[in-house]
Amino acid sequence: MAGKKRVCIVGSGNWGSAIAKIVGKNAKELPQFDDRVTMYVYEEIIDGKKLTEIINETHENVKYLPGHRIPDNVVAVPDVLEAAKDADILIFVVPHQFIHRICSTLLGKIKPTAVGLSLIKGFDKREGGGIELISHIIAQELKISVSVLMGANLASEVADEKFCETTIGCKNKEAAPFLRDIIQTSYFRVVVVEDTDAVECCGALKNIVACGAGFVDGLGLGDNTKAAVIRLGLMEMIKFVDVFFPGGQLSTFFESCGVADLITTCYGGRNRKVSEAFVRTGKSIAELETEMLNGQKLQGPFTAEEVNYMLKAKDMETRFPLFTAIHRICVGELKPDDLIDCIRSHPEHITDCNNLEENVRAWPVKSHL
C-alpha cells in the first residue's frame with residue numbers, strides 16, 4: 001500500500017456519518033492519506049433537494065446526523081462505483097441486507113490492492129441452513145482483504161466526541177496500521193486484535209440480546225432482570241462463536257467489541273428502544289422501525305431470525321434458548337413475558353470464573369458443522 005491512501009466510506013447513515021467526521025479529519029491531517037474522502041450516499045430528496053447536494057453544500061447530513069459538521073474534504077457521491085473506484089481503503093457501513101447488491105456493483109471495478117473495513121453488524125443466510133459473516137461475503141465477492149470494526153460506539157456519542165473505545169479485528173499486518181490511523185482519535189481509542197471472526201460475531205449477536213433487554217424494560221422488570229439477560233446473552237455469544245466460528249480467544253469478549261458493546265447496546269441504542277416500545281404499544285417491529293428510526297434499519301430482529309435459521313436447521317434451538325426466545329417474541333410466536341420462563345430454565349451453570357474458558361467449552365453444546 002505504497003503512496004497516499006485514498007479512502008471511501010460506503011454508507012452515510014448516522015453511524016457512517018459519525019465515522020465520516022473522524023475519517024475526514026484524519027485524512028486531512030495525516031500525511032499517509034489523500035485529503036479527499038468520498039462517501040457513498042444513497043440519494044434521497046429532502047425538502048425538494050438532493051441529500052448529496054445538501055451534504056456537499058452545508059457539510060451536514062441533515063437527515064441522519066443533524067447538528068454535526070462533516071469535514072469539507074468529505075465528498076458525498078450518489079454513485080457507489082464512482083465513490084469507490086479509486087479507493088485504497090473501503091469502509092463499509094450500510095445495512096447488511098444491501099451488501100450483495102453493493103458488492104455486485106463494485107466487482108471488478110475497484111483497485112485489486114484495496115482493503116476493506118466492515119462496520120456492518122449482522123449475518124447473511126446461506127442455502128442449507130447456514131449463515132455467513134458479512135466480512136467474509138465482502139472478501140469473497142470482491143476478492144480483497146477485509147477487516148472489521150466493532151465496539152461500544154453509539155453513533156450519537158461518537159459524533160459528540162465523547163470518549164469511547166472500539167475494536168478492529170485485522171489479520172492483515174500490512175493494513176492494520178493504516179486502518180488504526182484513519183480511525184483513531186483522542187476520543188476514539190482503537191485496539192487492534194487478530195481475532196476477526198469473534199469481533200464481528202460480537203457486533204451482530206449483541207443486537208439480539210439488546211432486544212431481550214428492551215423487552216425487559218417494556219415489561220417494567222428492572223435492572224436486576226436486565227442484568228440476567230445480559231449475562232446469559234454473553235454466555236450464548238461466547239458459546240455461539242466457539243461452536244460455529246472456532247479458534248477465537250476468550251479475551252476478545254472483554255474488548256470493547258464484547259462485553260462493553262453488549263452493555264452499551266442493552267442500555268441505549270435503537271434495538272433496546274424499539275423492543276421496549278414493542279412491548280408497551282403492541283405494534284409490530286416493522287411499524288415501530290418506520291415510526292421511530294427515521295429511515296434507519298433495525299438489526300436485532302433480522303439477526304435473531306438469521307441466527308435462528310441456522311440453529312433450527314441444525315436442531316440447536318434448545319441449546320441457545322435466549323436467542324431462540326427473543327426471535328420467537330419478535331415474530332409473535334411467544335409473548336414478551338415468556339422471556340422470563342426462558343431465563344428461569346436456562347441450562348448454563350457457569351460459576352467458576354477462574355476456569356471460565358474451560359467451563360464455557362464444557363457447556364453442553366456439540367458442533368454440528
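By convention here, the first residue in the shown sequence is residue 1.
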Non-hydrogen side-chain atoms of F244 and M310 separated by less than 4.5 Å: yes
In terms of relative ring orientation, are F278 and F215 parallel, tilted or perpendicular, with 30° and 60° separating the classes? tilted
Report yes or no: does R6 contribute a side-chain atom to a donor-acceptor pair with the main-chain N or O of T38 at less than 3.5 Å? no
Would you say the side chain of I343 lies within less than 4.5 Å of the side chain of V229, judging by non-hydrogen atoms? yes
With a 3.5 Å distance limit and no angle check, can you tell me whether D195 reaches the backbone of Q249 through a side-chain donor-acceptor pair? yes
In this structure, are over 12 heavy atoms from other groups packed under 6.0 Å from F163 atom CZ? yes
Do N294 side-chain atoms and Y64 backbone N/O form a donor-acceptor pair below 3.5 Å? no
Can a donor-acceptor pair be found, under 3.5 Å and without considering hydrogens, that links the side chain of E236 to the backbone of L322? yes
Check whether any side-chain heavy atom of C164 lies under 4.5 Å from a side-chain heavy atom of Y187, and answer yes or no. no
Is the closest side-chain heavy-atom distance between T58 and R69 below 4.5 Å? no
Find out whether D86 and D34 are in side-chain contact, i.e. whether some heavy atom of one side chain is under 4.5 Å from a heavy atom of the other. no
Do side-chain atoms of E289 reach the backbone of L298 as a donor and acceptor pair under 3.5 angstrom? yes
Just wondering, are more than 12 heavy atoms of other shown residues or ligands nearer than 6.0 Å to NZ in K125? yes
Relative to each other, are the rings of F245 and F240 parallel, tilted or perpendicular (30° and 60° limits)? tilted
Salt bridge K335-D338, side-chain N to carboxylate O under 4.0 Å: no
Minimum side-chain heavy-atom gap Y42-S12 below 4.5 Å: no
Count the heavy atoms of every other residue, nucleotide or ligand shown that sit under 6.0 Å from CG of D72, and state whether that count exceeds 12. yes
Other residues, nucleotides, ligands: >12 heavy atoms within 6.0 Å of K111 NZ: yes
Would you call L106 and I102 a side-chain contact if the rule is heavy atoms closer than 4.5 Å? yes
Ignoring hydrogens and angles, tell me if any N or O in the side chain of S256 forms a donor-acceptor pair with the backbone of E165 under 3.5 Å. yes
Among T264, T265, T167, T166, side-chain hydrogen bond (donor to acceptor under 3.5 Å, both in side chains) partner for N153: T166
Are any side-chain N or O atoms of Q299 and backbone N or O atoms of N207, one a donor and one an acceptor, separated by less than 3.5 Å? no
Quick check: does any side chain N or O of N26 sit under 3.5 Å from a backbone N or O of D181, one acting as donor and the other as acceptor? yes
Quick one: do E317 and K312 make a salt bridge, cutoff under 4.0 Å? no
Whether H96 side chain and G122 backbone form a donor-acceptor pair below 3.5 Å: no
State plainly whether the residues E82 and K85 are in salt-bridge range, i.e. N to O under 4.0 Å. yes
With side chains defined as the heavy atoms from C-beta onward, is the minimum distance between F320 and V307 less than 4.5 Å? no
Transitive ILVMFWY side-chain link V148 to L133, under 4.5 Å: no
Donor-acceptor under 3.5 Å (D261 side chain, K206 main chain): no
